[in-house]
> 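Take this structure, written in structure tokens, and hold onto it; I'll ask about it next.
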2 protein chains.
Amino acid sequence: MDFRKTFKALSDPVRLEILKMLKNGRMSAGDIASKFDITNATVSYHLSLLKQADLIYETKIKNFIYYELNTTVFDDLVIWIKQFSKEE
Amino acid sequence: MDFRKTFKALSDPVRLEILKMLKNGRMSAGDIASKFDITNATVSYHLSLLKQADLIYETKIKNFIYYELNTTVFDDLVIWIKQFSKEE
DNA sequence: AACCTGTTTAGATATACTTCTAAATAGATC
DNA sequence: GATCTATTTAGAAGTATATCTAAACAGGTT
């Protein structure tokens, strides 16, 4: 598996903050954006990168788009990183 | 702990390749560079980023500099990522 | 001390990333 | 169907990153 995109997605402070927010449950794009001092357009850009990296997924309800953590990818990531740990 | 630098370091294909090489044991800067189609200067730049991210460390012997994986940081990384896994 | 070998540093350039503003889309409501 | 709301897309601008060439440095060797 190729985690380059995943690591790139994780290398930005805004995106890390978004992921931490989503630990408490899904949020709409607007709710996420309201927590930052940057425009909605920029937050949308960050969300698209997180989505491309499979770290989050979206659900459309009415004219809201809700974002949610994709926990399985984090599990895959842990397995990948462990190849560099001592015991292997 | 702040892993932004770590993730940035992990987001480049050359640097990921260097880390994979170092799984088989320490290598000198020159040996590492010889495996790539880029200049020694560029490889040196990548090594410095990996070093800044604490993913590798160096040992100087004669006029060689040997690089080695810092396995403990990968363990810390696994712990950090697990906060996003389901069971927590 | 002069020189060779392995490696890094400095400066320049091209590419990629982050951010903005303005415009576009998609769905809901009036 | 006109309009409002939530969000994304397009295009532009500034900043950061990856790479190169050329020069510098540091440790051995002669």
Side-chain angles (χ1 to χ4, degrees), chain A residues 2-22 24-70 73 77, chain B residues 2-22 24-70 73 77:
Chain A
D2 177 18
F3 284 111
R4 263 180 300 168
K5 262 192 180 174
T6 315
F7 288 127
K8 186 153 283 171
L10 290 169
S11 72
D12 179 86
V14 172
R15 293 192 291 268
L16 284 183
E17 200 54 40
I18 292 173
L19 292 176
K20 282 183 191 165
M21 283 178 194
L22 293 179
N24 303 318
R26 73 179 187 189
M27 292 173 76
S28 72
D31 282 349
I32 294 168
S34 72
K35 307 287 186 184
F36 291 98
D37 219 20
I38 52 182
T39 64
N40 286 29
T42 299
V43 171
S44 181
Y45 160 75
H46 286 301
L47 288 170
S48 83
L49 292 189
L50 288 169
K51 205 167 48 180
Q52 280 172 52
D54 261 332
L55 290 166
I56 60 174
Y57 60 90
E58 64 183 30
T59 317
K60 298 185 190 190
I61 298 182
K62 295 196 170 183
N63 52 345
F64 291 84
I65 302 180
Y66 290 97
Y67 287 95
E68 200 161 348
L69 283 183
N70 180 11
V73 171
L77 200 54
Chain B
D2 178 18
F3 284 112
R4 264 179 299 168
K5 263 194 180 173
T6 314
F7 288 127
K8 186 153 285 172
L10 290 169
S11 71
D12 179 87
V14 172
R15 292 193 290 268
L16 283 183
E17 200 54 41
I18 291 173
L19 292 176
K20 281 183 191 165
M21 283 179 193
L22 293 179
N24 303 317
R26 70 179 189 189
M27 293 174 76
S28 72
D31 282 349
I32 295 168
S34 70
K35 306 287 185 182
F36 291 98
D37 218 21
I38 52 181
T39 64
N40 286 28
T42 300
V43 171
S44 181
Y45 160 75
H46 286 301
L47 288 169
S48 83
L49 291 189
L50 288 169
K51 205 167 48 182
Q52 281 172 52
D54 261 333
L55 290 166
I56 60 173
Y57 59 91
E58 63 183 31
T59 318
K60 299 185 190 190
I61 297 183
K62 296 197 170 184
N63 54 343
F64 291 83
I65 302 180
Y66 289 97
Y67 286 95
E68 199 161 347
L69 284 183
N70 180 12
V73 171
L77 201 54

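Chain A is the first sequence line, chain B the second, and so forth, proteins listed ahead of strands; every chain is numbered from 1. Just so it is clear, the model here is predicted, and its values are computed rather than measured.
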> Applying salt bridge (Lys or Arg N to Asp or Glu O under 4.0 Å), name anything that partners E17(A), two or more places apart in sequence or on another chain.
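By the salt bridge (Lys or Arg N to Asp or Glu O under 4.0 Å) rule, E17(A) matches no residue at all.
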
> Write down the distance between CE (M27(A)) and P (dT7(D)), rounded to a whole number of angstrom.
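Result: 10 Å.
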
> Base, sugar-phosphate or nothing for S28(A)? Non-hydrogen atoms, less than 4.0 Å.
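The answer is sugar-phosphate, as S28(A) gets under 4.0 Å only of primed atoms, P, OP1 or OP2.
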
> Name the nucleic acid region contacted by Y67(A), choosing base, sugar-phosphate or nothing; use a 4.0 angstrom heavy-atom cut-off, strictly under.
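Here Y67(A) touches the backbone only, sparing every base.
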
> Does any part of the side chain of L77(A), heavy atoms only, come nearer than 4.5 Å to the side chain of F7(A), both counted from C-beta?
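With C-beta onward as the side chain, the pair touches.
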
> Are there any protein N/O atoms within less than 3.5 Å of an N/O atom in nucleotides 25-30 of chain D, and if so, which ones and at what distance?
none

> Along DNA chain C, 5' to 3', what are the outermost nucleotides having an atom less than 4.0 Å from a heavy atom of chain B?
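Listing 5' to 3', DNA chain C meets chain B from dT5(C) to dT9(C).
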
> How would you list, by chain and number, every residue that makes a salt bridge (Lys or Arg N to Asp or Glu O under 4.0 Å) with E58(B), sequence neighbours excluded?
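With sequence neighbours excluded, E58(B) shows a salt bridge (Lys or Arg N to Asp or Glu O under 4.0 Å) to K51(B), given in chain and number order.
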
> Dump every N/O contact between nucleotides 18-21 of chain D and the protein below 3.5 Å, one line per pair.
from    : atom 1 : to     : atom 2 : distance (Å)
dA18(D) : OP1    : R15(B) : NH1    : 3.4
dA18(D) : OP1    : R15(B) : NH2    : 3.2
dA18(D) : OP2    : R15(B) : NH1    : 3.3
dA18(D) : OP2    : Y45(B) : OH     : 2.6
dT19(D) : OP2    : H46(B) : NE2    : 2.4
dC20(D) : OP2    : T39(B) : N      : 2.9
dC20(D) : OP2    : T39(B) : OG1    : 3.1
dC20(D) : OP2    : T42(B) : OG1    : 2.8

> What is the minimum heavy-atom distance between D12(B) and V14(B), and which atoms define it?
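Smallest heavy-atom distance, with atoms named: OD2-N, 2.9 Å.
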
> The criterion is side-chain hydrogen bond (donor to acceptor under 3.5 Å, both in side chains); which residues satisfy it with S34(A), sequence neighbours excluded?
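Scan of S34(A) (side-chain hydrogen bond (donor to acceptor under 3.5 Å, both in side chains), adjacent residues dropped) gives none.
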
> Distance-only, no hydrogens or angles: does the N70(A) side chain make a donor-acceptor pair with backbone N or O of Y57(A) under 3.5 Å?
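Here the side-chain-to-backbone pair does not exist.
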
> Give the minimum heavy-atom separation between Y66(B) and S28(B), together with the two atoms involved.
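Closest pair (atom of Y66(B), atom of S28(B), distance): CD2-N, 3.6 Å.
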
> Would the distance check show the side chain of R15(A) and the main-chain N or O of A9(A) forming a donor-acceptor pair, the cut-off being under 3.5 Å?
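Side chain of R15(A) to backbone of A9(A), a donor-acceptor pair under 3.5 Å: yes, one is there.
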
